[in-house]
Amino acid sequence: MAETSAFREAVGGRANGGPGERARELAGRLGVRTAVLLEGLSDLAAVETLAARQGRDLAAEGVCVVQMAGAMNVGRYALTLGPPGLGLRLTGLCDIRERPFYERGFGRAGAPADTVFACSDDLEDELVRALGTARVEELVHAEGDDRAWQTFLRQPAQLGRPRPQQLRRFLGTKKGRKIRYGHLLVEALGPGQVPAPLTHLFASL
């Protein structure tokens, strides 16, 4: 795990203009063959949680999951990790509105874009719809966030909005909450509830 974290850090440094030797060295040592490009930390939490639930050791499979701190960075990460850089196979998960960034980034790196899987809105939307709003509200209550949730619902901007939209917005209103629920929502999924974009992503690995 420490070396995987070091590899991610080295990749981030290289994608932002730093040297690439450390990333190449660690990729070889870890046997990385595939890189999964994610927009942010909440997506990383969800993917790692699902891998654990499915009993998959992605590192042992030569797969490294990398969060890029925003979809607009995908071009630099694709060049760093894909054919022009470390020569890894690329795949990814993104919000539907960010798919064009991924397609352009993968294209410039000479990587096929058919391994980019897009959520209908974003991953939180997919998870909320998979679980149902009542179940998500149960999790909010169980996590001790019920008071904050009720305060949030009384905000004028939230009045009359559909419950799924309210929940998605609530998850992003406090630093760290979206990451925490990225883990919790995946943990709560029952049989047959894994959203299609995640199912397709894991099937591609």
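Hydrogens, waters and symmetry mates play no part in the numbers below; they use all other heavy atoms, side chains included.
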Asker: Under the salt bridge (charged side-chain N to carboxylate O under 4.0 Å, His left out) criterion, do Arg24 and Glu21 qualify, and how do the steps go?
Answerer: CA-CA 5 Å; Arg24 188 174 297 278; Glu21 293 79 7; over 6 Å; no
Asker: Side-chain contact test, heavy atoms from C-beta onward, threshold under 4.5 Å: evaluate it for Leu185 versus Leu131 and give yes or no.
Answerer: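 Side-chain contact under 4.5 Å: yes.
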Asker: Between Arg177 and Ala148, what is the shortest heavy-atom contact and its length?
Answerer: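 That closest heavy-atom pairing would be NH2-CB, 4.0 Å.
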Asker: Taking salt bridge (charged side-chain N to carboxylate O under 4.0 Å, His left out) as the test, write out the residues that go with Arg135, two or more places apart.
Answerer: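 Scan of Arg135 (salt bridge (charged side-chain N to carboxylate O under 4.0 Å, His left out), adjacent residues dropped) gives Glu138.
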Asker: Once side-chain contact (heavy atoms from CB on, under 4.5 Å) is applied, do any residues pair with Asp57, and if so which ones, sequence neighbours excluded?
Answerer: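 So Asp57 forms a side-chain contact (heavy atoms from CB on, under 4.5 Å) with Ala59, Ala60.
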Asker: Looking at Leu37 and Val74, what are the two nearest heavy atoms and their distance?
Answerer: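 That closest heavy-atom pairing would be CD1-CG2, 4.0 Å.
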Asker: Should Arg147 and Gln150 count as side-chain neighbours, where that means a heavy-atom distance under 4.5 Å?
Answerer: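 They are not in contact (no side-chain heavy atoms under 4.5 Å apart), so the answer is no.
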Asker: Measuring from atom CG of Leu167 to atom CG of Leu153, what distance do you get when rounded to the nearest 0.5 angstrom?
Answerer: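 The CG atom of Leu167 sits 8.0 Å away from the CG atom of Leu153.
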Asker: Give the minimum heavy-atom separation between Leu88 and Ala35, together with the two atoms involved.
Answerer: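 Closest pair (atom of Leu88, atom of Ala35, distance): CD1-CB, 4.2 Å.
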Asker: Looking at side-chain heavy atoms only, is the closest gap between Leu127 and Leu189 below 4.5 Å?
Answerer: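 Leu127 reaches Leu189 side chain to side chain.
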Asker: For the hydrophobic clusters of this structure (ILVMFWY residues joined by side-chain heavy atoms under 4.5 Å, transitively), does one cluster hold both Leu123 and Leu171?
Answerer: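 Looking at the clustering, Leu171 is in the same group as Leu123.
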Asker: Quick one: list whatever passes side-chain contact (heavy atoms from CB on, under 4.5 Å) with Ala69, sequence neighbours left out.
Answerer: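 side-chain contact (heavy atoms from CB on, under 4.5 Å) check on Ala69 returns Gln67, Asn73.
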Asker: Roughly how far, to the nearest 0.5 Å, is the CE atom of Met72 from the CD atom of Glu39?
Answerer: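 The distance works out to 11.5 Å.
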Asker: Report the distance from atom CE of Met68 to atom OG1 of Thr80, rounding to the nearest 0.5 Å.
Answerer: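 Separation between the atoms: 11.0 Å.
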Asker: Determine, stepwise, if the pair Glu3 / Arg29 fulfils salt bridge (charged side-chain N to carboxylate O under 4.0 Å, His left out).
Answerer: CA-CA 9 Å; Glu3 285 198 326; Arg29 187 186 305 171; 2.6 Å; yes
Asker: What's in the same ILVMFWY side-chain cluster as Leu159, cut-off under 4.5 Å, chained through other members?
Answerer: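 Noted: Leu159 shares its cluster with no other residue.
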Asker: How close do Thr91 and Phe117 get, heavy atom to heavy atom, and via which atoms?
Answerer: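 Where Thr91 meets Phe117 most closely, the heavy atoms are OG1-CE1, 3.7 Å.
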Asker: Closest heavy-atom contact between Ala78 and Gly105?
Answerer: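 Closest heavy-atom pair between Ala78 and Gly105: CB-O, 3.6 Å.
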Asker: Under the side-chain contact (heavy atoms from CB on, under 4.5 Å) test, which residues partner Arg99, sequence neighbours left out?
Answerer: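 With sequence neighbours excluded, Arg99 shows a side-chain contact (heavy atoms from CB on, under 4.5 Å) to Cys94, Glu103, Val116, Ala118, given in chain and number order.
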Asker: Would Tyr77 and Leu41 show up in the same hydrophobic cluster when neighbours are defined by side-chain heavy atoms closer than 4.5 Å?
Answerer: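 No.
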Asker: Any side-chain heavy atom of Tyr102 sitting closer than 4.5 Å to one from Asp95?
Answerer: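 They are not in contact (no side-chain heavy atoms under 4.5 Å apart), so the answer is no.
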Asker: Could you tell me if the side chain of Arg8 sits less than 4.5 Å from the side chain of Leu44, heavy atoms only?
Answerer: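 With C-beta onward as the side chain, the pair touches.
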Asker: Excluding sequence neighbours, so at least two apart, what forms ring pair (Phe, Tyr, Trp, His ring centres under 6.0 Å) with Phe170?
Answerer: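 Ring pair (Phe, Tyr, Trp, His ring centres under 6.0 Å) list for Phe170, sorted by chain: Trp149, Phe152.
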Asker: In Å, rounded to the nearest 0.5 Å, how long is the span from OG1 of Thr173 to CZ of Arg169?
Answerer: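 The OG1 atom of Thr173 sits 6.5 Å away from the CZ atom of Arg169.
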Asker: Does a sphere of radius 6.0 Å around CD in Glu9 hold more than 12 heavy atoms from other residues, nucleotides or ligands, not counting ones at 6.0 Å or beyond?
Answerer: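 Atom CD in Glu9 is not crowded, with 12 or fewer foreign heavy atoms closer than 6.0 Å.
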Asker: Please say yes or no: joined through hydrophobic side-chain contacts below 4.5 Å, possibly via intermediate residues, are Leu86 and Leu205 part of one cluster?
Answerer: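 No: no chain of side-chain contacts under 4.5 Å links Leu86 to Leu205.
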Asker: Just one of Leu50, Val194, Val47 clears the side chain to side chain contact (heavy atoms under 4.5 Å, CB included) bar with Val186, so which one?
Answerer: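 Testing each of Leu50, Val194, Val47 against Val186, the sole residue satisfying side chain to side chain contact (heavy atoms under 4.5 Å, CB included) is Leu50.
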Asker: Could you check whether any side-chain heavy atom of Leu198 comes within less than 4.5 Å of a side-chain heavy atom of Leu93, counting everything from C-beta outward?
Answerer: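 Counting from C-beta outward, Leu198 and Leu93 do come under 4.5 Å.
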Asker: So Cys64 and Phe7, do their side chains get closer than 4.5 Å, heavy atoms only?
Answerer: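 Counting from C-beta outward, Phe7 and Cys64 do come under 4.5 Å.
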Asker: Who pairs with Glu124 by salt bridge (charged side-chain N to carboxylate O under 4.0 Å, His left out), at least two apart in sequence or on another chain?
Answerer: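 Only Lys178 meet the salt bridge (charged side-chain N to carboxylate O under 4.0 Å, His left out) criterion with Glu124.
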Asker: Any cation-pi pair here, Arg104 with Phe101, using under 6.0 Å and within 45°?
Answerer: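 Yes; both conditions hold, so Arg104 lies above the ring face of Phe101.
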Asker: Taking atom types as modelled, is there a side-chain donor on Gln166 or Arg163 under 3.5 Å from an acceptor on the other?
Answerer: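 Per modelled atom types, Gln166 and Arg163 side chains form a pair under 3.5 Å.
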Asker: Side chain to side chain donor-acceptor pair (under 3.5 Å) with Thr49: which residues, sequence neighbours excluded?
Answerer: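 In terms of side chain to side chain donor-acceptor pair (under 3.5 Å), with neighbours along the sequence ignored, Thr49 is linked to His183.
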Asker: Short question: side chain of Arg89, backbone of Arg33 - any donor-acceptor pair under 3.5 Å?
Answerer: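 No; zero donor-acceptor contacts below 3.5 Å.
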Asker: Could you tell me which non-hydrogen atom of Gly110 sits nearest to which non-hydrogen atom of Pro83, and how far apart they are?
Answerer: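 That would be O-CG, 3.8 Å.
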Asker: Quick one: salt bridge (charged side-chain N to carboxylate O under 4.0 Å, His left out) partners of Asp121, sequence neighbours excluded?
Answerer: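 Counting only residues at least two positions away or on another chain, Asp121 forms a salt bridge (charged side-chain N to carboxylate O under 4.0 Å, His left out) with Arg97, Arg168.
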Asker: Among residues at least two apart in sequence or on other chains, which ones pass salt bridge (charged side-chain N to carboxylate O under 4.0 Å, His left out) with Glu143?
Answerer: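 Salt bridge (charged side-chain N to carboxylate O under 4.0 Å, His left out) list for Glu143, sorted by chain: Arg180.
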Asker: Quick test of your reading: applying salt bridge (charged side-chain N to carboxylate O under 4.0 Å, His left out), list the pairs with at least one residue in residues 60-83, sequence neighbours left out, ordered by first then second residue.
Answerer: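 Pairs touching residues 60-83 that pass the test: Arg56-Glu61.
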Asker: I want to check something: taking the side chain as every heavy atom from C-beta on, are Val66 and Leu38 in contact at a cut-off of under 4.5 Å?
Answerer: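 Not in contact.
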Asker: In terms of hydrophobic clustering (I, L, V, M, F, W, Y; side-chain heavy atoms under 4.5 Å; direct or indirect links), are Leu79 and Val11 co-clustered?
Answerer: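 Shared cluster, no.
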Asker: Identify, with sequence neighbours excluded, every residue that meets side chain to side chain donor-acceptor pair (under 3.5 Å) alongside Arg129.
Answerer: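 Counting only residues at least two positions away or on another chain, Arg129 forms a side chain to side chain donor-acceptor pair (under 3.5 Å) with Ser120, Asp125, Glu126.
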